[in-house]
Each structure stands twice: as structure tokens, then as C-alpha cells.
There are 2 protein chains.
Amino acid sequence: MLGDGGRKRAVVFRIGEFSRLTLVPVTTLRYYADLGILVPAYVDPETGYRYFSAEQVPLVNRLLVLKDLGLSLGEVKAVVADELGPDELRGMLRLKRAEIGRRVEEEQQRLDRVEARLRLIEKEGGMPGQEIVIKQVQAVRGLGCRDTVDQMGIGPMFGDVLGGVMMQGATPSGPPMAVYHDPEFDPAAVDMEVLIPTAAPPSGATPGGREIVECVVPAAEAAVTVHLGPYPTLGEAYQALLAWFSEQGRTVGGPAVEVYLTGPDEPGGPVTEVRLPIGA
Amino acid sequence: MLGDGGRKRAVVFRIGEFSRLTLVPVTTLRYYADLGILVPAYVDPETGYRYFSAEQVPLVNRLLVLKDLGLSLGEVKAVVADELGPDELRGMLRLKRAEIGRRVEEEQQRLDRVEARLRLIEKEGGMPGQEIVIKQVQAVRGLGCRDTVDQMGIGPMFGDVLGGVMMQGATPSGPPMAVYHDPEFDPAAVDMEVLIPTAAPPSGATPGGREIVECVVPAAEAAVTVHLGPYPTLGEAYQALLAWFSEQGRTVGGPAVEVYLTGPDEPGGPVTEVRLPIGA
DNA sequence: CTTGACTCTCCAGTGGGTGGAGACCCCATG
DNA sequence: CATGGGGTCTCCACCCACTGGAGAGTCAAG
């Protein structure tokens, strides 16, 4: 058309023209060429210049469409290079559909959380002091015992169990924990389990007066918060957790667990993690 | 508690214990520490060991919550470090809300496209030969002319315009284009505009018999496809495009544009890009 | 031949980590 | 007090899909 005198030379474009034709940036074209996804029709062995043919424009479009459907460049390469059949392609797209669906769901939930947080800020004028996080806590194995005591007996029980475990020669592998088996807190009769995590628990003997046995706190999905301050103020943490449960429309799925990250002798009071399992 | 003889030493955890407490991987804790997001309570200057205090557990939870709301680590750092007020935080969250909303929208549309493609594959048993892509095509400036000719006059018109433009000494900056101004194709009277893109267009003179003037193809959002094969088969491309418009529930927003990437003398026929603007 | 636009290769950086290599440290036991 | 095993350190590379820059070479018009 533009001269060429009848010699049959394929119509090729340099990378810049091709970029203008396809609206794909030059650097990206080079990147695709290096990855082998869009191999130039001809590469000058002297200069390294890449030349693309007009027939490659629809290939670029196919590539863009596949990318737009959410395929990674590796998958795109497999599709355009290996010419994989409609079955594999269908399978791949079904996977993508599931994956994108999941992502939509996730983002929607994230959006809900952001909106809840915004409402909270509007109402309270700032971030709350204690955050509530969902965690998949794994099971904890250790030594301890379960007993029903009144409110005043809680402190002594810790000392008792701790002393008993030490007497057994076991080495704590983490901070002490307690499980409160009563759904309601009754100051007169607290059904609680105190345990010290240990790596390889040797078995039973008696300390001050209670029997030390192997105990397990089961794995759970739990709403978790951390309370800073003396034990009488732990109720705030439970209030916040229960408010969260009612706000989320979820139910409590098991007994509360407290983890005593720091003892009561610290300046500023102890640090206590409170876990409330989420119902199935 | 564990001895310590009454000396006031803060309860600190090594990175592994802290990781177990917070369920954040050790490597990630180190990463956050390096970024200055979660600075250890104490770093041993001799060994470099990082020690975290129990008071930092709620800080980690706050961090996780913020990250979960979609903030980047940089933003999280700004929030936890600079203690920025509720106003900035609110603003940031509002931005996030908009951003996440956009992303939900996008992913939803992507999901729709994947499902449409899956339906297509089920029906046709494979990928279509020609893909349709949405592109923001920018305006093209050049030399050419508009005329109404019959079907047989299209070819000569190209030769005429091309010759005229060459005679002006202008250098084409891209492949020839044509705009078809009739909504319907009437073989007896085709209202078409032929133009050759040029960088700095010099103005008017006459070639074989038509006046060459400066022309512009406006920028547009267009559905684009590329057709391989002789011109009489271009109807397939238009059919595919119109099917796409009706499937997408969109309307055509302007005259069709054809870009002649390759001339008719190529083996295998010419390569032609067809653009149909999308209505506002 | 010069000039300016274009292209080449190579390297670095993005974000939010993950994994490994090789060296050092801590602690409990013998 | 030596030793062993597990924990921790730093540094580097890798993931994805690009994007930007430096410095050198190339192409085409005047």
C-alpha cells in the first residue's frame, strides 16, 4: 500500500505503534513478550527491536479479556499458548467464579465492618480502648484442676495450682489460664478450671489440697479482647464482648477463657486476655 | 510470681511467645517491628533480641482490626503512632468505605462477566474467535475527506484520499481509518469519511478530485473487535458487536470506525479493527 | 551528518509479607 | 562447665503485575 514495490513483506509495527494500536503500554508489551505471553512476530537479532504484526492485535484483545476475567498472567499464558480445550477452560473459569464470589463476599463484609466502625466513631467520638478480634485459637494442653469456689477463693486457688504444678517439676510453656464454666457469674459459687500450659505434662500428684490433672482448653473460634487493669474491672471487657456478640448477631459458643498475660503485681495493673468462643 | 525476688522487672515475652499469644507469625512481628508499626518494648543491644510486653497485646489487636478494615500498613502506622484524632480517622474510614464499595462493585461486574463467559462456553463449546474489548480510544487527528459513494466507490475513494494526502507531503502516523456515518449500511449510498492520521497536518489541496481537509475522529469509549479476513466478511464483526451491545443492554453511541491495520494484499486477508462507540 | 524520537537491556521499587541460609543466643541437663 | 536443641538474629530472594529510570544503541527525517 505504501509503496513496497510488490515485495511480500508482512505488515509489522514497532512496539510504540503497536502500543498505540492496542492501548497497552510499551513497558507492559515488553513485559508480556519477556514472559512469553505475547511473542513478537519478529525480533531483529542485530538490534533486539521487537516487531509485532497486525494479526497479533486480536491476540492482545483475547489476552486483555482473559486478564479481565481475573486470570493471572500464568493462566493467561496457559490458555493462549497451550490452546487448552474448552473443558479445562470451563473448569478454570468455574474456579475463578467461586474465587471471585468469595472475594465479593469478603469485601462486602469488610464494607459492613467499616460502616459499623464509622457508626461507632460517630457515636463515641473515637476508637474504643479495647479492640475485639476474631481469632482461631488452638487447643492448649497443660496441668491444673477444676473446682467450685466462692469469689474470695479465686486468688488462693491460683496460688494453690501454681504451687502444685511447680512442685511437679513441670516447666510452664505459657501464661496461666482459667476457664469459667458457668454461663453466669455467681460470686458465691464459681465453677472454674485453672491450668498452667506445659509442654510435656507429667501426671498427677497433690499440692496444697487439690489434685493436679492434665487439662485441655479446646481449640475454638473466639472473640478476643485484652483488658488492662485490675481484676474487678474485668467486667468491662465482658460487657464489650457481649455487646459485640449482640451487635454481630452471634451467640456465645462455650465457656469464657481468661489468659493472665501479666500478674497482678505489675504497675498499672495486670493484663488479661478474655476469650469468648463463637457459637457454630 | 515466678520468683524474681521482688525486683521490679517488666513481664516481657520473646518474639516466639508473643507470636503464640497474638497468633501473629514471628516473621510478621519482625516485619512490623522493622516498619516501626509495632516497636518491641525492649531490644537487647547485645543480641538484638526483641522483647515484647504484655501491654503490647492490645496494641496488636488494634493493629489487626485496622488492617482488617482495609487500611494499608502505612495508614495503620499513622493511626497507631501519630494518634491522629477522630476526625482524620473518620475521614480515612470514609475514603476506605468508598474504595471498598468501588471494589465490591468491580468484583461483582467481573463475576458477571465470568458467568456470561461460562454461559457462552456452554452454548458454543469454546472461546469465540473474535474478542470484544472495551477501550477508551483517544481522538485521532489527520487528513481526509467525507463523501457519499456507492459500495463500489469505497475502494477508489481510499486510493484517492491516500494519493492526495501523499501528494501533500504529509507522513502518515498510523494506519488509515474510516468513519461510517450512516446508522444503517446502504450499499447504494455510503456516507463515509476516510482519513489518514498525520502528526502535524498541513492544510488543503486537491488530489484526484476530492478536497483533502483536516479531520478528527473524536475520543470515545468504544467496544472494539478485530476482524481477520476479506472485507465482505466484516459483517461478522458487526454482528458480534451488535450482539454484545444487546447482551450488555447498552446502546451504540456514535458512528462506527474502522481501522485498516493491514491492507487487502496480505496473505490471509486484511486485518481490520472495528469500533462501535458506547452510548452515554 | 545531525538531531530527536524511539528502542534496547538491566536494575530497582511497589505491598505485605513468606521462606531459607548461616550465624548467634538461651537455657536446661549431664 | 560443656553440650545440645530449640529459639532468634540479619540478610537476601521471591511472590504478582507492573512501572520508572539510567545509559546505550537505532531509526528516520532534514
Side-chain angles (χ1 to χ4, degrees), chain A residues 2-3 12-38 40 42-52 60 63-64 66-78 99 103 166 169-174 198-200 202, chain B residues 2-3 12-38 40 42-52 60 63-64 66-78 99 103 166 169-174 198-200 202:
Chain A
L2 299 172
V12 289
F13 304 99
R14 290 198 305 191
I15 201 169
E17 304 169 81
F18 198 68
S19 163
R20 249 165 280 132
L21 292 178
T22 59
L23 300 183
V24 176
V26 172
T27 51
T28 305
L29 287 175
R30 270 200 279 263
Y31 181 59
Y32 290 167
D34 290 348
L35 290 185
I37 297 173
L38 182 68
Y42 171 69
V43 178
D44 190 322
E46 305 281 318
T47 66
Y49 271 40
R50 299 170 180 86
Y51 294 93
F52 295 88
V60 173
L63 204 156
L64 293 178
L66 291 171
K67 216 165 57 70
D68 190 61
L69 293 180
L71 276 69
S72 73
L73 289 189
E75 292 165 334
V76 169
K77 179 174 178 177
E99 189 187 318
R103 204 158 45 231
M166 296 311 286
T171 316
S173 65
T198 57
Chain B
L2 299 172
V12 288
F13 305 99
R14 290 197 305 190
I15 200 169
E17 304 169 81
F18 198 68
S19 163
R20 250 165 280 133
L21 292 177
T22 58
L23 299 184
V24 175
V26 172
T27 51
T28 304
L29 287 176
R30 269 199 279 262
Y31 181 58
Y32 290 167
D34 290 349
L35 290 186
I37 297 174
L38 181 69
Y42 171 68
V43 178
D44 189 321
E46 305 280 320
T47 68
Y49 271 39
R50 299 169 180 86
Y51 294 93
F52 295 88
V60 173
L63 203 156
L64 292 179
L66 290 171
K67 215 164 60 70
D68 189 61
L69 293 180
L71 275 69
S72 73
L73 290 187
E75 293 164 335
V76 169
K77 180 175 178 176
E99 189 187 318
R103 205 158 44 232
M166 296 310 288
T171 315
S173 65
T198 57

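Residue numbering restarts at 1 for every chain, and letters A, B, ... go by the order of the sequence lines.
- For the pair L35(A) CG and dC15(D) P, the interatomic distance rounds to 11 Å; values are reported in whole Å.
- Between D34(A) and R50(A) there is a salt bridge, with a side-chain nitrogen of the basic residue lying less than 4.0 Å from a carboxylate oxygen of the acidic one.
- With rounding to whole Å, F52(A) atom CZ is found 16 Å from dC6(C) atom P.
- Contact annotation: K77(B) does not reach the phosphate of dG16(C) (side-chain N/O to OP1 or OP2, under 4.0 Å).
- Between the CG atom of L29(A) and the C1' atom of dA17(D) there is a distance of 14 Å, rounded to whole Å.
- Residues P40(A) and F52(A) have side chains in contact (heavy-atom distance under 4.5 Å, counting atoms from C-beta outward).
- Both L71(B) and Y51(A) lie close to DNA chain C; mapped to their nearest nucleotides by heavy-atom distance, the more 5′-ward contact belongs to Y51(A).
- Summarising the geometry, the separation between CD on E17(B) and P on dG6(D) is reported as 17 Å, rounded to the nearest angstrom.
- Using a 4.5 Å heavy-atom threshold, the side chains of D68(A) and L64(A) count as separate.
- The CZ atom of R50(A) sits 7 Å away from the C1' atom of dC8(C) (whole-angstrom rounding).
- Rounded to an integer number of Å, the gap from CZ of F13(B) to C1' of dC27(C) is 18 Å.
- DNA chain D is contacted by both K67(A) and R14(B); R14(B) maps to the nucleotide lying nearer its 5′ end (nearest heavy atom per residue).
- Of the side-chain N and O atoms in T28(B), one or more sit less than 4.0 angstrom from OP1 or OP2 of dT18(C).
- One atom, OH of Y49(B), and another, C1' of dT10(D), lie 12 Å apart when rounded to the nearest Å.
- To the nearest 0.5 Å, atom CG of residue L29(A) and atom CD1 of residue I37(A) are 11.5 Å apart.
- With DNA chain D read from its 5' end, the first of the two nearest nucleotides for Y32(A) and D44(A) is the one closest to Y32(A).
- Phosphate contact (OP1/OP2 of dT18(C), side-chain N/O of T27(B), threshold under 4.0 Å): present.
- The separation between I37(A) atom CD1 and dC16(D) atom C1' is 11 Å, rounded to whole Å.
- One finds a side-chain N or O of R30(A) lying less than 4.0 angstrom from the OP1 or OP2 phosphate oxygen of dC8(C).
- A donor-acceptor pair under 3.5 Å is absent between the side-chain atoms of T198(A) and the main chain of P172(A), judged by distance alone.
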